[in-house]
K.L.:
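Submitted below is the structure of interest, expressed as structure tokens.
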Amino acid sequence: MSAYAFITAEKLAELVADLMESGTRVIAPITTAEGRATYSAIEDLSEATFNQGLPMPSLKGHFLPPNEALLSWRQRGGDIELKPASTQFAPQLVLGARPCDVEALQVVDAVMNWDYHDDLWNGRRAASTIFAMTCAGVDDSCFCTAVGSAPDSARGADALLTELPGGYLIEFTSEKGEAFLGEHGRYFDTASDEAVAAADSLRAETRTRIEQNLVVDTARIGRWIDGHFDDDFWPTLGPRCNGCGACASVCPTCHCFDINDEQTGVGTGVRRRNWDSCQAKKFTVHASGHNPRGDQDARYRQRIAHKFYIYPSKFGDVLCTGCGRCVRACPSNQDLVEILQTIDGLAAVEEGGAA
Amino acid sequence: MARIGVFVCHCGENISRTVDCSGVAKALADHPGVAVSMDYKYMCSDPGQNLVKQAIEEHALTGVVVAACSPHMHEKTFRRAASQAGLNPFVVEMANVREQCSWVHEAGPATDAKAIDIVRTIVEKVKNNAPLETVRIPLTKRALVIGGGIAGIQAALDIADGGAEVVLVEKEPSIGGHMSQLSETFPTLDCSQCILTPRMVEVYQHPRITLYTHSEIEAVDGYIGNFHVTVRKKARSVDERLCTGCGDCQAACPNRKIPSEFDAELGTRPAIYVPFPQAVPNIPVLDRENCTLFKGRAKGREKDLCGKCKEACLRSAIDYEQQDELIDEKVGAIVIATGFKLYTIGREQPEGLSGYPEYNYGEIPDVISGLQFERLASASGPTGGRIVRPSDGTVPKRVVFLQCIGSRDPEKGISYCSKICCMYAAKHTMLYRHKVHDGQATVFYMDIRTAGKGYEEFVRRAIEEDGADYIRGRVSRMYRDGDTVKVVGYDTLAGEPAILDADMVVLCTAIRPHKGNKNLGRKLSVTYDQYGFISSAHPKLRPVETTTAGVFVAGACMSPSDIPDSIASASAAASKVLGMFSGDELEREPTVAIVNERTCIGCFNCEKVCPYGAIEHIDVCNRDNEICGHVARVLPGVCQGCGTCVATCPSKSVELQGFTDEQIFAEINALLTW
Amino acid sequence: MSEMTEPTTEFEPRITAFVCNWCTYTGADMAGTSRMQMASNVRIIRLPCTGRIDALFIIKAFERGADGVIVSGCHPADCHYTAGNYHARRRFIVFRELLSFMGISNERVIFSWVSAGEGAKWREVVNETVERVRALGPFTAYHELASRQMVGGAYETEVELPDVREAPAEAGGAS
Amino acid sequence: MTELQDLARKLLEDGTVAVVIGWEEGRRGPRPVSITEPDDTERLVFNARCVHNLATYLDPRRSQVRKLGKPAIVVKGCDTKAVAGLLREAQFKREDVVLIGMHCGGVVTDPAEQTEVTAETVAPRCAGCDVREPHRTDYVLGEARVEPPQNTSIDERVAALDAMTADERFEYWATQMEKCVRCYACRQACPLCVCDVCVADKTVPQWIERAPHARGNMSWHLVRAMHLAGRCVGCGECERACPMDIPLTLLNRKMQQVVAESFEYHVSDDPEVVSPIGAFRDDDHEDFIL
């Protein structure tokens with residue numbers, strides 16, 4: 001299921017304008033006045049800055065906001081009145097997201113629909129159409145290809161755009177995408193073979209470039225972690241870690257949150273969920289005061305183990321799409337690229353395979 | 001779940017005239033956690049209190065809010081009532097709708113809304129009030145008095161007579177202090193020794209007073225009711241148990257030219273000496289700095305150069321090898337009565353003070369200090385009470401007294417009035433005139449301050465009956481002019497220079513705190529002022545208490561004071577001590593701070609801000625019982641409940657009971673509800 | 001406001017006062033004993049000492065939409081606890097500069113020393129603060145920041161929050 | 001460099017310390033490293049890209065570091081001010097740590113992108129540095145360096161904010177506070193933020209709303225600035241750590257200015273110098289008090 005089309009920059013601008021006219025919100029990477037790249041709602045396509053700087057944080061916040069009200073309550077006499085948050089969302093189009101960010105949504109879908117179906121997450125997912133854009137790569141901390149993704153992956157997206165002279169080659173990759181094409185066909189031209197070929201060569205070139213950053217066997221890494229809970233390797237990472245949540249907040253796949261009640265007055269309040277991080281000391285503290293992850297050695301191990309062993313064991317995908325944001329954001333320069341390389345090397349030695 | 005009772009008082013019409021009391025009660029009935037809400041004409045009346053008591057029982061209330069007057073008015077009343085009904089008194093609070101609402105606003109919806117807000121706020125607070133119990137701390141009924149001057153003597157005797165044991169520590173070899181150096185005392189001109197000596201003997205013989213002379217406070221630990229004091233008993237070189245005070249050793253000492261401290265250096269004493277004949281105890285002390293034997297030892301002589309006192313002592317009481325002794329004492333209260341020292345005019349001035357080089361004190365032998373004049377006038381003094389010039393032993397016919405030497409002179413570093421100089425200068429002119437009938441006394445003064453019973457009359461007598469000449473003005477310079485002293489001053493009333501020839505000049509020098517006060521203050525966590533005088537806990541309301549609970553203060557170590565004032569403050573301090581000792585334990589209000597030792601990080605910023613020294617360090621041990629850190633703990637007996645530590649603690653690890661963060665949060669939450 | 005009262009056209013500021021027990025609270029009592037009429041917009045929270053006042057109290061008050069805050073205690077040298085007001089003064093020297101730097105006008109935070117005998121001064125502080133804050137207008141900007149976050153800001157779920165600002169008046173409908 | 005490596009080797013070999021905390025080269029510039037084996041000491045480096053304030057690793061509650069044993073720590077002069085701050089607040093005893101001071105010629109702002117100290121790259125905190133030679137360390141290594149160019153941008157930015165109206169400033173900060181996601185990288189990187197339970201993590205009562213909306217965030221940053229007033233050493237680690245580029249040093253710098261003007265206090269590398277926190281003077285100014 002794959003349909004190519006071509007859209008000129010002008011037509012894309014028109015499309016965006018018309019969508020907004022009809023009440024669709026459009027999210028795209030922008031560059032703020034301070035010069036930071038970030039994903040934001042736009043009012044005109046000219047605000048969008050595709051492939052210019054890696055948006056911080058990832059796209060995640062548009063599906064799992066840093067804080068989200070779940071319900072409000074009000075106590076009257078002996079009764080407590082609850083008002084849950086609405087799970088109905090207006091349609092939105094995410095345009096030009098990095099494939100690593102888009103794939104992350106699909107990876108996280110699994111946990112959001114496992115034992116509990118998260119209506120807020122699902123509501124936003126259902127209301128969204130996502131057009132990823134072939135990534136030109138950022139720097140040597142990109143490693144999507146090492147964890148099963150790619151700069152041109154369309155996984156999780158309804159379409160993949162590739163920027164070409166004069167416009168974009170667009171490949172519709174889902175039913176929702178094809179329906180979109182059906183509905184908005186008038187903006188699109190047929191893709192020429194040259195355009196498809198040009199895009200293919202561009203995509204191949206980027207893939208090759210990113211592959212040079214890191215090549216590991218994630219399955220082997222998972223096996224090694226499984227057998228090395230108490231390995232001496234972990235305490236080489238813990239001491240450096242500050243125990244902040246910078247990595248988790250910028251990560252497209254980290255999805256932990258904390259639920260917290262806030263009083264707004266006598267007998268009234270709001271229950272919110274807020275991003276949380278397993279690197280925070282308080283994350284696992286029990287009511288008794290005991291903390292099963294007593295120090296950063298244990299907490300950092302948890303981060304790696306969850307992403308590369310626990311999550312894939314349960315849901316198949318590794319909980320990482322190789323965006324490298326954690327590497328860039330870490331104040332102490334903790335380096336996931338290097339960590340994966342090291343574990344892969346250790347695993348190779350142990351399993352007798354090639355490093 | 002909270003079950004709060006709300007009781008709205010009309011206070012006759014004081015509240016109900018402007019506030020719709022039944023409306024307030026009705027409004028609160030719907031408030032979450034309120035079990036019962038009612039209004040009544042006079043809540044503080046017996047029937048009103050009974051309403052509260054009944055409601056506590058009927059509704060099993062967990063808290064009570066009385067919406068009435070200020071807590072300063074009736075909080076105690078209703079806490080007592082609740083207590084009688086079996087409720088902890090600390091879950092009862094007043095909502096002040098009278099002083100702060102009905103009396104300051106006109107009737108209307110805004111006033112009603114405010115009244116409701118006030119009550120809601122207190123209801124929310126009370127929901128978070130914890131039942132508190134009175135803090136009880138053990139008590140050692142034994143007091144330490146530091147300083148054996150007249151204030152220390154008075155305090156020690158009062159406490160001991162009141163039935164408690166006293167440890168009296170005096171730095172000098174004898175008790176008595178400055179008062180023992182005085183000739184006569186104003187305004188009665190009775191002999192200082194005559195009234196002081198019996199009291200000194202009384203101290204010595206009192207069965208409940210332990211006296212340590214020639215001793216100092218080495219260290220103080222602990223807190224109110226439970227102080228541990230280490231006293232350093234300095235080596236006297238005389239075995240007190242053997243000495244009979246016969247004086248043979250003094251007579252035998254060959255080194256007799258040491259200036260006598262007691263005689264303000266106008267006389268001399270030997271190296272082994274009793275400071276004055278009536279000294280208590282009458283046991284000599286060997287001044288090792290001036291002793292030939294010890295000077296020889298200090299220079300490394302192997303053979304002792306002297307030993308005459310030891311030879312002379314028939315009781316073999318002299319012990320050259322005696323060492324300082326450290327004595328531990330446990331006491332429940334401490335009285336600081338360290339007295340004062342005098343401004344050391346003309347010599348090197350410590351602590352940034354500047355002296356009076358223009359007066360040539362020390363250069364001109366006939367320029368003397370007030371204390372030196374006391375010794376000249378004293379029958380027990382170096383001249384046997386004859387007033388003569390130190391330079392040639394002749395009787396001075398013209399004596400000039402200068403007041404305010406150092407005092408009230410910010411330039412010299414002292415802004416305060418020394419209080420006693422006006423009176424003793426007048427006394428000196430009288431003593432002088434009584435002994436030198438044809439002599440002329442002249443006083444340079446800034447102002448005459450004579451507040452005190454019989455004081456003004458006393459000064460008038462000096463002027464009118466004893467002919468003292470008072471000149472308002474200051475002296476700018478003094479120099480030697482042959483046999484006389486030229487005094488160059490200015491008479492500000494006459495508006496002309498006043499240049500006098502004097503045979504002797506007496507400088508009334510300022511009273512200053514002892515250098516050791518600051519050190520002692522630090523040992524006791526007691527604050528002192530910019531000059532080094534010990535500060536009271538409150539200058540008006542708690543004049544003889546200090547910032548450290550259980551530590552009191554008496555006499556001139558607080559501020560310049562004369563003998564009656566010193567004795568009054570000493571008796572006041574003693575009565576405070578006896579009051580403290582009246583029970584078997586100490587009871588303290590439970591509204592004190594407590595530290596959550598689990599979250600305290602031991603930064604001790606709380607200790608820095610605590611005005612009372614109520615924070616102690618405690619060790620934290622790991623599972624292997626090794627010390628792995630320190631955290632703060634509040635001594636409930638010392639804490640006064642200001643809460644400054646609470647606001648300072650970065651990790652919110654201190655709580656002030658009665659005003660916890662949860663209570664205040666609840667109040668803000670109630671006031672500013674969305 | 002309740003249905004029974006006419007909605008007032010003039011803005012009535014909500015002012016929270018944090019005062020010490022020994023001086024200002026007693027001073028406010030004295031204003032009452034002397035029947036000094038004053039604006040009714042100020043709500044007092046009684047604390048033992050200004051030393052107990054944490055910057056958090058003031059932050060929370062503004063967060064909750066207080067239009068102004070008064071902090072008041074004993075004059076220097078008069079502190080019941082000898083030094084709490086000195087520590088408070090130093091704390092607020094710093095804190096008011098911080099608030100101002102964050103864009104919260106110092107006009108909205110009033111510090112004063114009011115002794116137990118200064119009922120008249122308390123009235124002045126109250127009336128002047130009310131007038132000053134009334135002129136400044138409401139301060140809801142801080143409170144409303146809750147609806148702002150960058151990531152997904154526009155997707156903030158608008159939970160229909162109960163508007164309890166009306167609740168006290170409603171509860172007081174009996175008046 | 002060998003001087004540092006040799007000293008570290010010696011300290012580990014003779015058992016003076018069990019771990020040396022310093023910098024090693026990483027892919028994105030030097031990064032903190034804990035060396036416990038003498039043979040690993042050759043990884044240690046020191047250069048203008050060593051920006052981290054390693055004093056933060058002395059936090060007694062970092063058990064993963066404490067369990068390694070007695071530390072030696074490589075410090076720049078400015079880092080020693082943080083050590084002094086921790087000593088002032090009794091977090092450990094001076095004899096419990098060996099300080100290896102490095103002569104410093106300034107550091108760059110962004111070690112991932114910059115290598116040499118130039119007028120463009122020099123970190124703002126290096127302006128007016130009075131500790132390019134550390135004073136209170138056990139060792140001082142390296143050559144005395146020349147003074148780096150001065151970067152006064154922080155003071156200029158503070159002044160620019162001061163020049164705005166209150167409402168403009170509020171909007172400026174509101175926009176900044178929107179970005180905060182409460183990852184607490186600022187707090188965790190700060191060498192002086194050593195509370196076991198931060199006030200922001202307390203929920204009873206919840207003074208600081210946990211939610212990372214601009215309101216909770218503003219309250220959090222107000223409290224953080226307040227808690228650091230008179231304590232902040234100006235290392236700028238909070239801002240460097242912030243993944244959202246919130247200009248946190250402006251708040252701390254403003255507080256430094258206020259503390260300097262009001263209390264004549266400048267943060268010192270001498271732990272005996274009394275901090276203005278917990279102190280007062282009878283004549284502290286009170287022109288703002290009615």
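Below, each value reflects all heavy atoms present in this structure, side chains not excepted, and no hydrogens, waters or symmetry copies. Letters A, B, ... are given to chains in the order of the sequence lines, protein chains preceding strands, and every chain is numbered from 1.
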K.L.:
What is the distance from atom CD1 of B/Ile668 to atom NZ of B/Lys125, rounded to the nearest 0.5 Å?
P.N.:
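Between atom CD1 of B/Ile668 and atom NZ of B/Lys125 there are 12.0 Å.
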K.L.:
So C/Phe111 and C/Phe92, would you call those rings parallel, tilted or perpendicular, with 30° and 60° as cut-offs?
P.N.:
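C/Phe111 and C/Phe92: tilted rings.
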K.L.:
Could you give me the CA-CA distance, side-chain angles and deciding distance for B/Phe7 and B/Phe78, then say whether ring pair (Phe, Tyr, Trp, His ring centres under 6.0 Å) is met?
P.N.:
CA-CA 11 Å; B/Phe7 304 89; B/Phe78 290 104; 8.4 Å; no
K.L.:
I need the residue from C/Lys60, C/Arg123, C/His80 with the largest number of non-hydrogen atom pairs under 4.5 Å to chain B.
P.N.:
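Among the listed options, the one with the most contacts to chain B is C/Lys60.
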K.L.:
Verify the ring-centre separation between C/Phe62 and C/Tyr142: is it less than 6.0 angstrom?
P.N.:
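Centroid separation for C/Tyr142 and C/Phe62: 6.0 Å or greater.
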K.L.:
Relative to chain B, which segment of C/Ala39 carries a heavy atom at a distance below 4.5 Å: side chain, backbone, both, or neither?
P.N.:
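Only the backbone of C/Ala39 comes within 4.5 Å of chain B.
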K.L.:
Which of residues 41-50 of chain C get closer than 4.5 angstrom to chain B, counting heavy atoms alone?
P.N.:
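Near chain B, by residue number: C/Val42, C/Arg43, C/Ile44, C/Ile45, C/Arg46, C/Leu47, C/Pro48, C/Cys49.
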K.L.:
Will you find, in the side chains of C/Asn127 and C/Thr129, an N or O donor that is under 3.5 Å from an N or O acceptor?
P.N.:
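C/Thr129 and C/Asn127 do not have a side-chain donor-acceptor pair below 3.5 Å.
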K.L.:
Sequence neighbours left out, what passes salt bridge (Lys or Arg N to Asp or Glu O under 4.0 Å) with C/Arg91? Give chain and number order.
P.N.:
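For C/Arg91, no residue satisfies salt bridge (Lys or Arg N to Asp or Glu O under 4.0 Å) once neighbours in sequence are set aside.
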K.L.:
With a 4.5 angstrom heavy-atom cut-off, is it the side chain or the backbone of B/Asp661 that approaches chain C, or both, or neither?
P.N.:
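Its backbone and side chain both get close to chain C.
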K.L.:
Highest number of heavy-atom pairs under 4.5 Å with chain B: which of C/Phe57, C/Trp22, C/Tyr81?
P.N.:
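The option with the most such pairs is C/Tyr81.
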K.L.:
Between chain C and each of B/Thr111, B/Ile122, B/Leu541, B/Asn96, count heavy-atom pairs under 4.5 Å; write down the option with the most.
P.N.:
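The answer is B/Asn96.
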K.L.:
With a 4.5 Å cut-off on heavy-atom pairs, point out which of B/Gln640, B/His31, B/Gln663 contacts chain C the most.
P.N.:
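When all of B/Gln640, B/His31, B/Gln663 are compared, B/Gln640 has the most.
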K.L.:
Using non-hydrogen atoms only, which part of C/Phe18 is less than 4.5 Å away from chain B: side chain, backbone, both, or neither?
P.N.:
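It is the side chain, since no backbone atom gets that close.
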K.L.:
Need one label for B/Thr648: side chain, backbone, both or neither, based on atoms under 4.5 Å from any heavy atom in chain C.
P.N.:
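Contact with chain C: backbone and side chain both.
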K.L.:
When only pairs under 4.5 Å are counted, which of B/Cys642, B/Cys649, B/Cys645 shares the most heavy-atom pairs with chain C?
P.N.:
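Option with the greatest count: B/Cys642.
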K.L.:
Answer with side chain, backbone, both or neither: which region of B/Glu106 has an atom nearer than 4.5 Å to a non-hydrogen atom of chain C?
P.N.:
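For B/Glu106, backbone and side chain are both near chain C.
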K.L.:
Working to the nearest 0.5 Å, report the span between NZ of C/Lys121 and OG of C/Ser115.
P.N.:
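The OG atom of C/Ser115 is 8.0 Å from NZ of C/Lys121, to the nearest 0.5 Å.
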K.L.:
Under 3.5 Å, is there a donor-acceptor pair between the C/Asn21 and B/His72 side chains?
P.N.:
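Yes, a side-chain donor-acceptor pair sits under 3.5 Å.
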K.L.:
Which one, C/Ala28, C/Ala83, C/Cys79, leads in non-hydrogen pairs under 4.5 Å with chain B?
P.N.:
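Most heavy-atom pairs under 4.5 Å with chain B: C/Ala28.
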K.L.:
Counting heavy-atom pairs under 4.5 Å with chain C, which one of B/His105, B/Glu99, B/Arg542 comes out on top?
P.N.:
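Result: the option with the highest number of such pairs is B/His105.
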K.L.:
Is there a donor in the side chain of B/Glu93 and an acceptor in the side chain of B/Asn129, or the other way round, less than 3.5 Å apart?
P.N.:
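Yes - a donor-acceptor pair under 3.5 Å links their side chains.
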K.L.:
Rounded to the nearest 0.5 Å, what separation is found between the CD atom of C/Glu118 and the SG atom of C/Cys23?
P.N.:
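SG of C/Cys23 is found 8.5 Å from CD of C/Glu118.
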K.L.:
Give a yes or no on whether a salt bridge exists between B/Arg79 and B/Glu75, defined as a side-chain N under 4.0 angstrom from a carboxylate O.
P.N.:
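Result for this pair is yes, salt bridge flagged.
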K.L.:
Identify which one of B/Ile116, B/Asp117, B/Val123 satisfies the side-chain contact (heavy atoms from CB on, under 4.5 Å) criterion when paired with B/Val119.
P.N.:
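Among B/Ile116, B/Asp117, B/Val123, the one meeting side-chain contact (heavy atoms from CB on, under 4.5 Å) with B/Val119 is B/Val123.
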K.L.:
For C/Thr33, which atoms come within 4.5 Å of any heavy atom of chain B: side chain, backbone, both, or neither?
P.N.:
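Both backbone and side chain.
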